[in-house]
Amino acid sequence: MSDSVSVTIDGRSVTVPAGTSLWDAARELGIDIPVLCHSPRMRPVGVCRMCVVDTGARNLQAACVRPCEEGMEVRTDSDRVVRNRRMLLELLMADYPDPSAREASTGDDELLALARAYGVTSSRFEGSRTPEAPRRDASSPVIAVDHQACILCDRCIRGCNELQHNHVMTRSGKGATTRIAFDLDVPMGESTCVSCGECQAVCPTGALTNRALEGLHLVEEETP
Amino acid sequence: MELLNRLMALQHRHGALTDESLNALAREWRLPLHRLQGLRSFYPAFRSEPGAPRKLSVCRDVACRMRAGPRFADEVAEALQGVGGVEVEAVSCLGLCHAAPAALAGELPVSGGAGMLRDGMAGDRPLPLVAEPPAETSAVDPYAGADQRFGTLERALSEGSPEAVIETLEASGLRGMGGAGFPTGRKWRFTRAAGGTPRTVVCNADESEPGTFKDRLLLERVPHLIIEAMVLGGWVIGASRGIIYLRHEYEPARRALEEAVERARERGVLGDSVLGSGFAFDLEIFVSPGGYIMGEETALLEGLEDKRGEPRNKPPFPTQVGYDGGPTLMNNVETFALIPRILQDGVEGWQARGREGFSGVKFLSVSGDVAAPGVYCVPAGMPITEVIERAGGMAGGRALYAFSPGGASTPFLPADRAGTPVDFDALARAGSGLGSGALFVVGQGRDLLDLAIQQVRFFSRESCGKCVPCRTGSAQAVRKLEAAQEGRPEAGLTRLLEELDETLAQTSICGLGQVALAPVMSLLRHFPDEAARLRAEEA
C-alpha cells in the first residue's frame, strides 16, 4: 500500500497520508463539512451522519469515518447531500426544546446554527418524547442535564471516558429510548462524576450546560 | 465474550442484573460502572429487577400477527391474569413461524390460542408444544451415515489445497445466505489474503429476520456440516479458532451443536491436530444476549468483544478488521452447511442441481397462508408459485395476494410476479430480493397494510439507536403510519415517506436502517389499494 493517496473534493485535488478521513482531507482544502458528533480532538464515531458526502457509492458516506481512497471523486454539496442533511436536521429539530439552554446562555448551539444554515425552520415531525422518559437532571451543582436536547452525538461520553479518563458516562437503553446515563444510571450529582466540565464543554446542544451560566442572556449586537 | 458470558450467568442465577450484583462485579473485575450499565440496558436478555418465576414470550411479528391478530399478546396477557407467577411479554419473531401463533414458555416452543396457552401455563392442561415442521435439511447432507461424516474435510486436508477450495466456491456461484448475498468464494479469498492476527472463523447463527427459521432446523439437524465447513474455513484462512454466535432463544439448537462439537472433538476433527494433519482448530459456542441487530455482522463482532451491539462504520470490513482487530471469516449457518455438498458435487454437479442456468439449491422458510409451512430445499431457479405448491399450496381456500420472498427487508410483490425464479438477481430485478429466503405468503382478504407497518415497527423496535436516521426516522415513520392506519393520513404523507426512505437508505450506518421503510415503500409501488389508504388527498 502506498503511503499517500490523492482524492478530488468538489473539483479540487489533494494528496494526504493513507488512512486520512475525507473530513480531514476536505479541511486541508479549506472545505468545511458540517458535523455534530465529530470533533478533531476525538476519535470519530460517525453517528450523527451530518457529514455525509457523495463518493459515487450506492450510499452517501460519513466523511469523518470514511478513509480516502486513491482517485476518489467526492462532492460535499450536491443536491442529494444537501437534501439528506436537511432531513436529518428536521428529524433532530422535531424533539428539540425551545428555547435551547445553550443558545440562551453562551449562544453557541451547534444544532441550531446548522438548522439555520440549512434553512430548517420547522419540522414535519412531532416530538417523540413520552411523558415517563426522564427529562431534566439538576442533581449536579455544576452541570445541568436536559435529555430532551440530547442528540446522542457521544461527544460527552468520549470526553468523559477517553479524553479525561473519568469513566462515568455511557449510552443507556437501546433504539428510540437510548439516552446518556451516569454510572449505573444514577442522577449525575450522585454519580462518580468529578465535575471536570469536559462533557458540557464539548456538548453541541443544550443537553449539558454549565449551571453558572443559566439565566445569563446574551445581548445580540447589531452588526453594522 | 468473557464479560457477556459472566453477565448471562449472573442473569440466569439471580433472574436479574441488580445494581448490587453489578457493583460487586465492577469491583471484582475493576470495570467502570457505566460499562456494565451500557450492556445491561442494551441487551434484551438482561433486566435490572427480577420478574415473575415463569415467562411466556409471545411473538408479535407478521406470521403470528396474521393468524392471531394484532392484539394477540394482549389477549394472552389478559387470559393469564390471575394465574400467579407468570409474566407475559411480547417479543420479536421467534423463528417458530410454521406454528403461528407461537410463543416460548421459558425455553419451550409452544403454539396455540390464548385459551390453550393460558391452560398450559396454569397447569390445567399440558403445554401446547410446537410440532416440528416439514424440513428438508437432509437434502444437502452428502453423508449416508455418521461414520462417513467429515469425509470432505479429510480429503481436502490430505489431497487438496486452500486455493482449490476457494476456486471451487467461486466457480460454484455460492452467495451468502444470511441476506446480503455476498459471493462466498470471494469472501474466503479476501480473508485468506488479509494480513494480521488474531484470525477467526465465525458462524452467524443469530437468525432473527421475521419469517426465517431455516438456520434453526439446520443447526438442530445437520450441525456436523456447519462444523465441518468452519474447520475447512479455518484451514483456508489460517485460523485456529472458530466461534458460533447463537441466538439465545435457540436452546434445542444449542444442545444439538454442543453434542456435535463434542463428537467432532472425539473424532479428532477438532483439536491440536485436525484428523492428524497437524493443523489445529477448535470452536466454541457463544449464546447471544439477544436482539435482531446482533445478526448484523459488525454488531455481532462488537458483541463478541463485550460491547454494546452497535454496527461499525465500514470500511474496514470484517475480512480485514474483524474480531479483536484481526481478519474474520464470517458466514451464515446455511452458507456453511452447503459447502461440504458443493465440494463433494464439484462445480458442475452443484450447478446441475439448479434449474435452467441457476446454480445449486436454496433453503426457504415458507410461512403465512400456505397449507404446510416449513423449511424447503428447492432448486435455484424454481418459480415462487411452485415453491408455494411445494408448501402444500395456498391455505384456507385463499388466492395469492402478495408475497415477500426473503424476510422483512425484502419488499412485498403482488401475485402477478410469483412466476419469478428463486434467485438473488431475478428477485432483485422483479423489485424485491432473496434476502434470507423467508418466503412469507399473504392470501386475499388479509390486511397487507397492517402487515407492512408491522415490518417497519419491527425494524424500529430492533434499531440499536446508534445513528440519527435509524433511531429517529424509523420511529417517526411508525407514528405517522399508525395515524394513517387509523384513517388519519396526513397531507403529503407519501411524499414525506419517500423523502424519509431516501435518508434512511442513504445515511444509515447499517442495513437495518437502510431498509427500515422498504416494506411500506413496496406498497406505494405495487399495491394501489393499500397506497390509497396512505394518501390523504384521495381519502
Side-chain angles (χ1 to χ4, degrees), chain A residues 36-37 44-50 52 54 58-62 64-67 69 80-81 83-92 94-95 123-126 128 151-154 157 160-161 166-186 191-192, chain B residues 17-19 22-23 26 31-44 48 291 293 308-310 312-316 459-480 483 490 492-493 496 499-500 502-509 513-514:
Chain A
L36 286 170
C37 70
V45 288
V47 298
C48 77
R49 315 308 279 176
M50 279 305 298
V52 287
D54 192 341
R58 190 167 53 93
N59 305 329
L60 298 175
Q61 305 283 308
C64 74
V65 288
R66 185 68 173 89
E69 274 172 34
R80 185 159 72 117
V81 166
R83 72 172 178 263
N84 282 291
R85 282 184 192 152
R86 206 172 269 148
M87 176 61 84
L88 292 170
L89 287 166
E90 212 180 319
L91 286 165
L92 290 174
D95 278 312
S123 177
R124 286 169 288 178
F125 303 103
E126 284 158 32
S128 59
I151 57 168
L152 289 163
C153 68
D154 288 353
I157 294 171
C160 179
N161 301 337
N166 283 324
H167 294 287
V168 180
M169 296 189 68
T170 181
R171 280 184 171 223
S172 182
K174 185 180 176 184
T177 61
T178 312
R179 56 191 169 76
I180 54 167
F182 309 93
D183 290 345
L184 292 180
D185 194 16
V186 297
S191 75
T192 54
Chain B
L17 298 176
T18 59
D19 285 0
L22 291 190
N23 273 308
L31 292 170
L33 293 167
H34 75 78
R35 176 124 187 255
L36 301 177
Q37 172 62 21
L39 297 174
R40 170 172 70 174
S41 62
F42 184 85
Y43 290 103
S48 50
I293 192 60
R308 289 163 60 87
E310 296 169 347
R312 299 175 181 172
N313 283 289
K314 294 167 281 276
F459 287 126
S460 177
R461 278 179 175 141
E462 296 295 338
S463 166
C464 77
K466 179 174 180 175
C467 68
V468 168
C470 180
R471 182 180 70 240
T472 64
S474 63
Q476 290 287 7
V478 168
R479 211 164 297 126
K480 302 241 181 237
E490 64 181 51
L493 176 60
L496 181 62
E499 290 175 33
L500 192 54
E502 186 195 29
T503 297
L504 279 160
Q506 286 295 318
T507 70
S508 295
I509 292 178
Q514 288 163 15

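Since this is a predicted model, take the numbers as computed values, not measurements. Below, read A as the first sequence line, B as the second, and so on, with proteins coming before strands; counting in each chain starts at 1. Below, each value reflects all heavy atoms present in this structure, side chains not excepted, and no hydrogens, waters or symmetry copies.
- The distance from the NE2 atom of A:His167 to the CG atom of B:Leu31 is 10.5 Å, given to the nearest 0.5 Å.
- In this structure, chain A has a heavy atom under 4.5 Å from the side chain of B:Arg479, while its backbone stays farther away.
- For A:Leu36, no part lies near chain B; criterion is any non-hydrogen pair under 4.5 Å.
- Between A:Arg83 and B:Glu499 there is no side-chain heavy-atom pair separated by less than 4.5 Å.
- How far CZ of A:Arg49 is from CG of B:Asn313: 5.0 Å, rounded to the nearest 0.5 Å.
- Pairing each heavy atom of B:Arg40 with each of A:Leu184, the nearest pair is NH2-O, 3.6 Å.
- For the options B:Asn23, B:Leu33, B:Leu22, heavy-atom pairs under 4.5 Å to chain A are most numerous at B:Leu33.
- The two atoms that bring A:Ala94 and B:Gln476 nearest to each other are CB-NE2, 3.9 Å, heavy atoms only.
- Residue contact with chain A, scored on non-hydrogen atoms closer than 4.5 Å, involves the backbone of B:Ser508 exclusively.
- With rounding to the nearest 0.5 angstrom, the CG atom of A:Leu91 is 9.5 Å from the OG atom of B:Ser474.
- The two atoms that bring A:Arg171 and B:Glu310 nearest to each other are CD-OE2, 3.5 Å, heavy atoms only.
- When the candidates B:Pro315, B:Ala505, B:Pro44 are compared by the number of heavy-atom contacts under 4.5 Å with chain A, B:Pro315 comes out ahead.
- When side chains are defined from C-beta on, B:Leu493 does not count as touching A:Arg124, because their heavy atoms never get closer than 4.5 Å.
- With a 4.5 angstrom heavy-atom cutoff, A:Thr170 touches chain B via backbone and side-chain atoms both.
- Between A:Phe125 and B:Leu500 there is a side-chain heavy-atom pair separated by less than 4.5 Å.
- Of all heavy-atom pairs between B:Ser463 and A:Lys174, the closest is O-CG, 3.7 Å.
- We find the CZ-CG distance between B:Arg471 and A:Leu152 to be 4.0 Å, quoted to the nearest 0.5 Å.
- For A:Arg85, no part sits under 4.5 Å from any heavy atom of chain B, backbone or side chain.
- When the candidates A:Val52, A:Asn161, A:Thr177, A:Val186 are compared by the number of heavy-atom contacts under 4.5 Å with chain B, A:Asn161 comes out ahead.
- Looking at B:Arg308, only its side chain comes within 4.5 Å of chain A, counting heavy atoms on both sides.
- Between the side chain of B:Gln506 and the backbone N or O of A:Arg58, at least one donor-acceptor pair lies under 3.5 Å.
- The two residues B:Ser41 and A:Gly173 come nearest to each other via the heavy atoms OG-N, 2.7 Å.
- Contact of A:Arg66 with chain B is made through the side chain alone, with heavy-atom distances under 4.5 Å.
- Side-chain atoms of B:Val468 and A:Ile151, non-hydrogen and from C-beta on, never get closer than 4.5 Å to each other.
- Atom CD of residue B:Gln37 and atom CE of residue A:Met169 lie 12.5 Å apart, to the nearest 0.5 angstrom.
- In this structure, CG on A:Asn59 lies 12.0 Å from CD1 on B:Ile509, to the nearest 0.5 angstrom.
- The shortest distance between side-chain heavy atoms of B:Lys466 and A:Val45 does not fall below 4.5 Å.
- In this structure, the portions of B:Glu462 lying under 4.5 Å from any heavy atom of chain A include both its backbone and its side chain.
- In terms of non-hydrogen atom pairs under 4.5 Å with chain B, the most contact-rich of A:Asp95, A:Leu88, A:Thr192 is A:Leu88.
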